[in-house]
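Everything numeric here is computed off the predicted structure, so don't read it as measured data. Just so we're on the same page: letters track the sequence lines, and every chain starts at 1. Values below: all heavy atoms of this structure, side chains included; hydrogens, waters and symmetry mates excluded.
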Protein chains: 2
Amino acid sequence: MTKAHGFHQHDHAACISDALTKAEAYCAARKLQFTPVRRRTLEVLLAHHRSMGAYEVLSHLDASGFGAQPPVAYRALDFLVKHGFAHKVEAMNAYVACSHPGAQHVPAFLICRQCSTVQEAQIEPMQNGLGDAAQDAGFAIERAVVEAQGLCPLCQQSAPE
Amino acid sequence: MTKAHGFHQHDHAACISDALTKAEAYCAARKLQFTPVRRRTLEVLLAHHRSMGAYEVLSHLDASGFGAQPPVAYRALDFLVKHGFAHKVEAMNAYVACSHPGAQHVPAFLICRQCSTVQEAQIEPMQNGLGDAAQDAGFAIERAVVEAQGLCPLCQQSAPE
DNA sequence: ATTTATATGTAATGATATAACATATCAAGC
DNA sequence: GCTTGATATGTTATATCATTACATATAAAT
């Protein structure tokens with residue numbers, strides 16, 4: 001079975017189990033607790049393969065027998081983001097599973113304003129002119145995100161304006 | 001009188017009146033209505049010279065005799081953002097006056113996680129690797145933001161960790 | 001086994017943002 | 001100037017996103 005990944009198709013089941021296995025290994029290596037809620041949260045993000053609001057994630061967790069209150073989702077999502085398994089799409093107040101787990105990278109998103117699909121793009125860390133600006137200002141960058149909004153290939157056809 | 005602009009000092013009064021004059025001229029040229037609320041909203045952002053939440057802006061508008069309900073602030077802010085007089089800092093759900101009004105640019109922000117000061121940096125449009133990624137994906141970028149979080153020069157001293 | 005740190009569950013609340021609709025003001029054509 | 005249509009403002013209500021605080025449970029370290 002294939003499913004849209006960003007604007008492409010791919011083998012969805014393999015992609016999910018692969019990401020879960022990697023997360024498991026990463027956590028084991030660093031003695032991080034990849035607990036049931038955290039695992040389920042990552043599964044939910046991976047299965048949907050699009051950005052999801054915290055409350056949408058929460059409803060799945062609730063349905064899976066975990067707590068039904070917001071902190072349940074926010075804490076799990078924070079964990080995933082902190083360790084690079086997911087990203088927060090700031091422009092949408094939403095979350096996506098990371099498409100390049102393990103890789104040290106500056107996440108960059110292409111966000112379709114029409115269908116809300118988010119594709120994560122790879123960009124070179126610090127090759128974006130921002131590093132220079134930061135250095136000039138004496139600013140120590142800890143984290144950076146790049147977010148582009150526009151129209152995805154599909155929506156360009158249906159909304160050619 | 002000088003006041004912090006990003007992490008530097010500058011002539012604050014001149015900077016404000018300059019930005020207002022530019023906005024006025026821009027609107028006049030395009031028959032946009034630079035109404036009292038919109039003007040006051042820009043004044044408020046310029047005067048504070050840091051990112052402000054919509055409700056903080058709203059309280060100033062209220063105090064100035066405008067409406068006290070959220071849409072009053074959100075509409076004025078949307079106008080300013082739409083026409084490039086201000087930017088939304090997505091990672092903070094906050095707004096700042098644009099530091100380079102008139103210039104066609106991709107706004108980039110250096111956001112201090114400790115003191116919340118935001119400095120707008122100049123980066124070259126599309127020289128950030130994102131353009132290539134978008135082209136590959138067939139994605140039409142309409143708007144992009146770059147946001148970096150970290151520690152500003154001052155806070156690096158007080159929080160050397 | 002005890003202690004300490006970490007994680008989860010839940011209630012309450014805070015912060016951010018929009019929808020919907022009434023009224024007012026502006027801008028253009030007559 | 002007056003009418004008309006578009007744009008802007010004011011207000012109520014509500015939707016959406018996120019955190020604080022505290023109790024309980026589980027894991028890890030000695």
Check: What residues, two or more places apart in sequence or in another chain, satisfy side-chain hydrogen bond (donor to acceptor under 3.5 Å, both in side chains) together with A:Arg75?
Finding: none

Next item on the list: Check DNA chain D against residues 77-93 of chain A and give the residues with a non-hydrogen atom under 4.0 Å, in numerical order.
Entry: A:Lys88, A:Asn93

Note to self: Using whole Å, what does the distance between atom C1' of nucleotide D:dT16 and atom CE of A:Met52 come to?
What the structure shows: 15 Å

Checklist line | Gap between atoms CG and C1', on A:Leu32 and C:dA5 respectively (whole Å) | finding: 14 Å

Notebook entry, point to check: With sugar-phosphate meaning primed atoms plus P, OP1 and OP2, does B:Arg75 contact a base, only sugar-phosphate, or nothing at under 4.0 Å between heavy atoms?
Noted result: base

Notebook entry, point to check: Within the structure, does a side-chain N or O atom of B:Thr35 lie under 4.0 Å from either OP1 or OP2 of C:dT25?
Noted result: no

Note to self: How bent is the helix from C:dA1-D:dT30 to C:dC30-D:dG1, measuring the angle between the end axes built from five pairs each, rounded to 10°?
What the structure shows: 40°

Next item on the list: Give, ordered by number, those residues of residues 53-74 of chain B having at least one heavy-atom distance below 4.0 Å to an atom of DNA chain C; if nothing qualifies, reply none.
Entry: B:Tyr55, B:Pro70, B:Pro71, B:Tyr74

Next item on the list: For B:Glu147 and B:Glu90, indicate whether the former's side chain and the latter's backbone hold a donor-acceptor pair under 3.5 Å.
Entry: yes

Note to self: Do B:Leu32 and B:Phe34 have side chains that approach each other closer than 4.5 Å (heavy atoms only, starting at C-beta)?
What the structure shows: no

Item checked: Other ILVMFWY residues reachable from B:Val145 by side-chain steps of under 4.5 Å -> none

Notebook entry, point to check: Can you find a heavy atom in the side chain of A:Val72 that is under 4.5 Å from one in the side chain of A:Thr41?
Noted result: no

Polar atom pairs (N or O), protein with nucleotides 26-30 of chain D, under 3.5 Å:
none

